[in-house]
A.B. asks: 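Submitted below is the structure of interest, expressed as structure tokens.
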There are 2 protein chains.
Amino acid sequence: MITIWTYDFVPGGENGPRGLVRDLRLRWACEEAALDYEVKTTPFEDRGPDHYARQPFGQVPFLEDAGIKVFESGACLLYLARKSELLMPRDPVGEADALQWTIAALNSIEMVSVPWMVLSWSEGPDNGLTGWLDSRLAHMEAVLEDREWIAAGRFTVADIMLADVFRQTRRADAPAYPNIRAYKQRACARPAFRKAYEDQVAHFVAGDIARSG
Amino acid sequence: MITIWTYDFVPGGENGPRGLVRDLRLRWACEEAALDYEVKTTPFEDRGPDHYARQPFGQVPFLEDAGIKVFESGACLLYLARKSELLMPRDPVGEADALQWTIAALNSIEMVSVPWMVLSWSEGPDNGLTGWLDSRLAHMEAVLEDREWIAAGRFTVADIMLADVFRQTRRADAPAYPNIRAYKQRACARPAFRKAYEDQVAHFVAGDIARSG
């Protein structure tokens with residue numbers, strides 16, 4: 001049984017992260033591959049030494065599986081991908097393709113989109129990283145011109161990562177990026193995504209009820 | 001035989017990237033594990049469709065190995081790590097530890113340090129990401145308090161990634177981070193690093209001679 005840790009609470013409301021907390025990536029992968037998992041919580045407020053011992057930056061998610069501990073959503077996805085051919089092709093060419101696109105989502109797209117989002121909170125959407133983000137999105141728009149999924153000619157763990165990076169990047173919803181939008185819609189229409197998303201939202205609603213009770 | 005692609009040329013001088021181009025990470029891994037490799041070049045100027053077909057953002061490095069193609073330095077390192085226990089422990093706990101720290105270097109540290117560097121070119125070292133970068137470096141300073149290497153109690157591929165991220169982050173050289181500085185010095189004292197570094201610098205010097213000839 002795989003245990004996924006997330007927070008007990010995150011702020012709700014229009015700008016809150018419910019439905020966007022990165023444990024969703026792990027839930028989604030487990031749902032795609034029909035892996036048994038449970039979800040446990042660590043406090044959002046007053047993060048203590050136990051949390052930092054498991055996640056050195058005080059974030060979520062992290063997982064445990066038969067004594068094996070993993071933090072970083074990207075590492076957790078690659079760890080889970082070893083468990084099922086549904087997440088990662090077993091032929092070396094397809095596996096390398098899924099690996100490179102998982103890392104590209106993290107290190108070539110999210111490396112720009114998340115700092116852009118952080119800057120946009122204080123400086124607005126036209127900030128010092130906007131040109132770089134737009135360039136990366138334009139490259140991805142071209143790449144997705146003739147692909148249903150990003151790697152290996154099929155759905156893989158790289159799509160979980162890439163689609164979720166796009167979900168978190170409002171600028172990717174601009175009219176200039178119809179291929180990105182269609183790709184994101186394909187990914188989010190998958191039953192495994194819907195289950196993961198609805199379970200995460202329900203998790204935080206239940207946390208509200210527990211706090212108010 | 002593994003082929004690593006890098007540029008034929010990058011600018012020299014004090015602020016040029018010679019010694020910092022990310023093919024160094026792949027050279028370093030191959031040197032640590034005594035893997036056979038060669039280095040080929042793609043034009044730095046006038047990057048053409050062939051380049052974008054191999055690296056969708058027009059960057060380097062990328063590699064080829066018996067028909068398997070990989071881009072993204074992080075993906076290349078994880079690919080190479082499969083080839084040698086010297087790069088990645090084979091026990092599941094140690095392997096997960098090396099995996100999570102490789103991804104953390106990419107997605108929790110470089111995701112802040114590279115955008116910070118990009119902003120610092122136009123806005124100086126006190127920019128909208130400085131507080132976030134300092135926070136990440138402070139976490140890493142604490143993590144490195146009692147560790148020689150970052151994962152699994154030994155040198156792994158995660159150290160290649162993490163040490164190179166610190167090499168690229170001048171702010172990590174501040175007096176507040178003695179553990180980071182000592183860690184970086186340990187990593188850069190390794191013969192495999194020295195060889196990779198000197199070979200990269202020599203590669204670009206040779207490129208200058210070819211251009212001027």
Side-chain angles (χ1 to χ4, degrees), chain A residues 52 55-59 62-79 82 91-116 118-123 127-129 131-133 135-136 139-140 142-143 158, chain B residues 52 55-59 62-79 82 91-116 118-123 127-129 131-133 135-136 139-140 142-143 150:
Chain A
Y52 284 94
Q55 213 294 348
F57 309 103
Q59 298 182 302
F62 46 91
L63 71 72
E64 187 161 355
D65 176 33
I68 300 168
K69 297 177 179 182
V70 192
F71 68 87
E72 288 278 342
S73 65
C76 292
L77 283 188
L78 291 173
Y79 174 82
R82 297 277 188 90
D91 69 286
V93 171
E95 185 178 19
D97 199 19
L99 172 63
Q100 71 186 0
W101 275 110
T102 302
I103 301 292
L106 289 166
N107 206 231
S108 284
I109 307 168
E110 193 166 47
M111 191 177 79
V112 189
S113 63
V114 166
W116 175 84
V118 168
L119 276 186
S120 74
W121 294 332
S122 55
E123 302 178 14
N127 59 59
L129 298 177
W132 192 20
L133 176 59
S135 164
R136 289 288 155 99
H139 281 298
M140 291 309 302
V143 167
Chain B
Y52 285 93
Q55 213 293 349
F57 309 103
Q59 299 183 301
F62 46 92
L63 70 74
E64 186 161 357
D65 176 31
I68 300 168
K69 298 176 177 183
V70 192
F71 70 87
E72 288 279 341
S73 65
C76 292
L77 283 187
L78 291 173
Y79 173 82
R82 297 276 187 90
D91 69 286
V93 171
E95 186 178 18
D97 199 18
L99 173 63
Q100 71 186 359
W101 276 109
T102 301
I103 302 292
L106 289 166
N107 207 233
S108 284
I109 307 170
E110 193 165 48
M111 191 177 78
V112 189
S113 63
V114 166
W116 174 84
V118 168
L119 276 186
S120 75
W121 293 333
S122 55
E123 302 179 13
N127 58 59
L129 298 177
W132 192 22
L133 177 59
S135 163
R136 288 288 155 98
H139 281 300
M140 291 309 303
V143 166
I150 194 61

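Quick note on labels: first sequence line is chain A, next is B, and so on, each numbered from 1.
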A.B. asks: Looking at Ile103(B), Val70(B), Ile68(B), which makes the most heavy-atom pairs under 4.5 Å with chain A?
C.D. replies: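 Option with the greatest count: Ile103(B).
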A.B. asks: In terms of heavy-atom pairs under 4.5 Å with chain B, which of Met140(A), His139(A), Gln59(A) leads?
C.D. replies: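 Ranked by heavy-atom pairs under 4.5 Å with chain B, first place is His139(A).
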A.B. asks: Using every non-hydrogen atom in the two residues, find where Glu110(A) and Asn107(B) come nearest and quote the distance to one decimal.
C.D. replies: OE1-OD1, 3.4 Å
A.B. asks: Could you report the tightest heavy-atom contact between Val93(A) and Gly67(B), atom names first, then the distance?
C.D. replies: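 Scanning both residues completely, I find the closest heavy atoms to be CG2-O, 4.1 Å.
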A.B. asks: Using side-chain heavy atoms (C-beta onward) and a distance below 4.5 Å, is Val112(B) in contact with Val118(A)?
C.D. replies: no
A.B. asks: I need the full list of salt bridge (Lys or Arg N to Asp or Glu O under 4.0 Å) pairs touching residues 62-72 of chain A, with sequence neighbours left out, sorted by first then second residue.
C.D. replies: Asp65(A)-Lys83(A)
A.B. asks: Taking all atoms of both residues into account, what is the closest heavy-atom pair of Tyr79(B) and Leu99(A), and its distance?
C.D. replies: N-CD2, 4.1 Å
A.B. asks: Please find the pair of heavy atoms, one from Gly128(A) and one from Leu119(B), that lie closest to each other, and give the distance.
C.D. replies: CA-CD2, 3.6 Å
A.B. asks: Below 4.5 Å from any heavy atom of chain B, which atoms of Tyr52(A) appear? Answer side chain, backbone, both or neither.
C.D. replies: side chain
A.B. asks: Counting only non-hydrogen atoms closer than 4.5 Å, does Ile109(A) touch chain B with its backbone (N, CA, C, O), its side chain (CB onward), both, or neither?
C.D. replies: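 Contact with chain B: side chain only.
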A.B. asks: For Trp116(A), is it the side chain, the backbone, both, or neither that has a heavy atom closer than 4.5 Å to a heavy atom of chain B?
C.D. replies: neither
A.B. asks: Among Ser122(B), Ala96(B), Gly74(B), Ser108(B), single out the residue with the greatest number of heavy-atom pairs under 4.5 Å to chain A.
C.D. replies: Ser108(B)
A.B. asks: Tell me, side chain or backbone of Arg136(A) under 4.5 Å from chain B's heavy atoms, or both, or neither?
C.D. replies: both
A.B. asks: Might you point out which heavy atoms bring Ala104(B) and Phe71(A) nearest each other, and give the distance in Å?
C.D. replies: CB-CE1, 3.8 Å
A.B. asks: Might you point out which heavy atoms bring Pro56(A) and Val143(B) nearest each other, and give the distance in Å?
C.D. replies: CB-CG2, 4.0 Å
A.B. asks: At a heavy-atom distance under 4.5 Å, which candidate from Leu78(A), Leu106(A), Thr102(A) has the highest pair count against chain B?
C.D. replies: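 The option with the most such pairs is Leu106(A).
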